Amino acid sequence: MKSENNKPDEGAAPNVDQLIEQYDPESNFRNLAGMAAMFVTIVSVSLSGWHLYTAGFGLHNEIEHRAIHLSVVLGLCFLVFPRQKALPGIWEWIVPTLLGVFYMLLAWWLVDELGSDLDPVTSWIFMGVVLLISVLAMPFKALDGSHTHIPLRDWFFAVVASGFSLYLIVFFQDIFIDRPGDHTSIDLMIGVLAIIMVVEVTRRTMGVFLPLLAVAVVLYGIFGPYLPGDLAHRGYSVPRVVAHLYKGTEGIYGIPVGVVATFVFHFVLFGIMAQLTGLGQLFVDLATIAAGRFSGGPAKVSVVSSGLFGMISGSPIANTVTTGVMTIPMMKRVGFPARFSGGVEAAASCGGQVTPPIMGAASFIMAETLGIPYSTLVLIAIIPAAMHYLAILLMVHFEARRLRLKGMDPADIPDAWKVLKASWHLFIPLLVMVTLLLMQYTPFLAAFWGIILCIVCSWIPKFLGQYGRTMAGTPITPRGLIIGFEMGAKTALGIGAACACVGFVLGIMTLTGMGFKFSSFVLNLSETVALGVKGFDFLNLLDMKQLTIFFGLLFTAVACIVMGAGVPTTPTYIILASIVAPTLAQLDVPQLSTHLFVFYFGVLADVTPPVALAAFAAAGIARSEPMRTGMTAFRLSMGKALVPFAFVYTPALLFVDFTWSAFLVAFFGMVVALTGLAAAYTGYFGRKISWPIFIVLNVLCISLVFGNPVVTAVAAPIVVLIMMWLWRNRDNHDDVQPQVQTV
């Protein structure tokens, strides 16, 4: 069969920035020029500079710090991001029309409930402003401007989006000190504008799914008494809902925004500055040295380099394209099919969000929610990250053996000593930052010194004069510093908007008890299915509680993947962890296991069709069909999809309720399970794997996830024996030329 990589590579090499903008809505920035570009640059650099200053010299009070952050972030979003791509068909008009109706109703309900407390002129001005926003938010092409120009509509939106946070800052003493809990008409009207603008800015940066979810949640808080069955609650007035979401710390300015403003922003900025110094290229060189000479070397280089690059980048799409432009062409050259090359890079790059020391934004929120130091979470995440990359490496190795591919040409592999000698100074910021984290310093102070050292250490070759001429890296000049600070601010905009919107969900949950209602539903559903399965257990081998946990986890995994198709990892984690955690807590599952389970599966959503953005970005580099590349990435992720279940059944893997016996049994069982599943889903281990063996391997490997010593003692040796039998009866291809085929 003709391989995809037998097609000629037509056209110029793909542009990294264009791919990130195309497949990552959080990075789809306008390419501005002139005064608008200068204004955006000044504001962005100022935002990064303010964050760097507060990280090193002290934060403001909680509300004030979050409000300052959000006032700049939301305003910049409308200036930096163009309007999202049009929705298909009539949905392009239906969705903004429905949102406009919601905005007008919310404003009218507030005016109606305030009654005589609001004079007619003020009420008409307020309704007029809301109507203007609703009309301007419609998809009129004449209002869009261009990718290089900011239209007047977006300047207006930016002012309103910044204004509701500035109101809290300017009148902080009056609102929070002099009259706490007392809400004036002006407070509430600005609160309605805050809800509207957060919905609009999230639609601008993330698409429609998350904003529509937020609107549904707000309506749930208002219409509680009219809902059926267990969904019903006492209901809350519009002023109560608006005040709770706008003026409290459980809504827009809740924990997610607080974590972004104090932790995530600084680590995003560190990642950008580290890349400017050349650390990303160093990671690729080290990966090539470590894995390039083995069978299918470039694919293994892709996995290892993605793991190393993931240490400083929590974005799967940025990780995919940054390392993929180097590794995907290498994979194709040695014989891997194009879509397999893209699938490998996408599947490996998603691990960046679970790879210490700088994981995705959700990890910082997890640490804050669970009340554990981020440094502790960094240590806990080592085993999950190792399992993630082991699963991918095994799949890649077996695929390379099946295709009988060799390693890279030794001439293309850098010399380890020369690389380390030329680049040792680039490690200093990362090592210092990790050391400070492990010494229990605050994450933002560790990031502060990491950023400072990125700038200082980039000049070491220049300081050394003639001794530094052969050293690698790029000095961060004043211009480079401006570029880095601007990109750091822009990169953090999308997650800031999403976290403000997720605050609606968390706020209504605390107000109505919605989380416990959904938790009860999940628990009841899991128990019902478990009872049905238990009915067929004639030998009484299955434990009811363990079955309930299993189906609860299964439903959660499906929900993570489905929601992750339309929502980034961080909002997916926040929403589902708040629903699932109470459910599994009732079954004595440790909170840490539950939260990491949701986080892990939220990450997998980036390679799960039909919306596998990381895989689609990789397909753009590989020049392969996006959906087929996504399916390949999903197949390559099948092994690691088993890993989160092990966290729950054997918390010792996360150093919870730790004993060496439980840890070693679970660790050994997972290594065997990942090896067996990798062989099964590759369909090859020395020879082609038949369907009966495929089914047996799946059953045995899944049974190993429970960490039961007896089950492991029985199932693991059987898996090993099957693998030995396959290898003993392997096909001998030593004298046969590779015949590359589509996988």
Side-chain angles (χ1 to χ4, degrees), residues 11-49 72-87 136-137 139-159 161-162 200-207 265 268-269 271-273 275-276 280 313 315-322 324-325 474 476-498 568 613-614 616-618 620-621:
N15 183 282
V16 173
D17 294 332
Q18 289 177 352
L19 285 170
I20 293 177
E21 291 176 5
Q22 181 179 358
Y23 294 106
D24 187 0
E26 298 176 57
S27 302
N28 183 26
F29 307 136
R30 283 187 169 114
N31 185 20
L32 299 172
M35 293 298 293
M38 184 179 298
F39 177 80
V40 168
T41 298
I42 291 172
V43 175
S44 300
V45 171
S46 299
L47 179 63
S48 293
V72 182
V73 165
L74 297 190
L76 273 178
C77 282
F78 285 109
L79 304 181
V80 168
F81 291 92
R83 189 167 68 87
Q84 283 275 341
K85 293 179 182 178
L87 294 170
L136 292 178
F140 296 114
K141 297 293 187 290
L143 300 176
D144 283 350
S146 67
H147 208 74
T148 59
H149 169 68
I150 303 173
L152 288 175
R153 175 197 63 186
D154 287 355
W155 285 107
F156 171 68
F157 280 175
V159 170
S162 295
E200 278 301 311
V201 79
T202 310
R203 183 160 73 104
R204 176 70 64 96
T205 56
M206 296 285 169
F265 191 101
V268 168
L269 184 58
I272 295 294
M273 302 305 292
Q275 291 178 52
L276 288 179
S313 169
S315 169
I317 297 172
N319 195 348
T320 297
V321 299
T322 304
V325 292
T474 304
I476 298 180
T477 61
R479 177 176 173 77
L481 187 64
I482 292 173
I483 292 172
F485 273 30
E486 181 179 7
M487 283 307 301
K490 287 182 176 180
T491 305
L493 293 180
I495 191 61
L613 294 179
F616 293 169
I621 302 172

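Along the sequence shown, residues carry numbers from 1. Fair warning: this is a prediction, and the values are worked out from it, not measured in the lab.
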Practice task
Can you sort out the partners of V80 under side chain to side chain contact (heavy atoms under 4.5 Å, CB included), two or more places apart, ordered by chain and number?
Solution key: F29, V40, L76, K490, L493
Problem - Side chain proximity check, M273 to L481, heavy atoms < 4.5 angstrom - result: yes
Handout entry: Partner residues of F140 under the side chain to side chain contact (heavy atoms under 4.5 Å, CB included) criterion, sequence neighbours left out
Key = W93, V135, M138, L143
Fill in the blank from the handout: When every non-hydrogen atom of R203 is compared with those of A137, the smallest separation belongs to NH2-O, 3.1 Å
Handout entry: CZ on F39 to CG on L79, rounded to 0.5 Å
Key = 6.5 Å
Handout entry: Contacts of S162 that satisfy side chain to side chain contact (heavy atoms under 4.5 Å, CB included) - sequence neighbours left out
Key = L166
Handout entry: Validation row: Q275, M487 side chains within 4.5 angstrom (heavy atoms)
Key = no
Handout entry: Shortest non-hydrogen contact between V201 and C77, atoms and distance
Key = CG2-CB, 3.2 Å
Exercise for the section: Would you confirm whether R204, through its side chain, and F81, through its main-chain N or O, come within 3.5 Å as a donor-acceptor pair? Expected result: yes
Completion exercise
Correct closest heavy-atom pair for T320 and A618 would be CG2-CB, 3.7 Å
Completion exercise
Minimal heavy-atom distance between F78 and A161, with the atoms involved, is CE1-CB, 3.7 Å
Problem - Distance (rounded to the nearest 0.5 Å) between L276 CG and I483 CD1 - result: 7.5 Å
Practice task
Measure the OG1-CG distance between T202 and L74 for me, rounded to the nearest 0.5 Å.
Solution key: 8.0 Å
Problem - Spatial distance of atom CZ (R479) from atom CD1 (I482) [nearest 0.5 Å] - result: 8.0 Å
Problem - S46 and F485, any side-chain heavy atoms less than 4.5 Å apart - result: no
Exercise for the section: Rounded to the nearest 0.5 Å, what's the gap from CG on L136 to CZ on F157? Could you check? Expected result: 5.0 Å
Exercise for the section: Working to the nearest 0.5 Å, report the span between CG of D154 and NE2 of H149. Expected result: 9.0 Å
Fill in the blank from the handout: For L47 and A489, the nearest pair of non-hydrogen atoms, with its separation, is CD2-CB, 4.2 Å
Fill in the blank from the handout: All heavy atoms of A497 vs all of V73, minimum pair found to be N-CG1, 4.5 Å
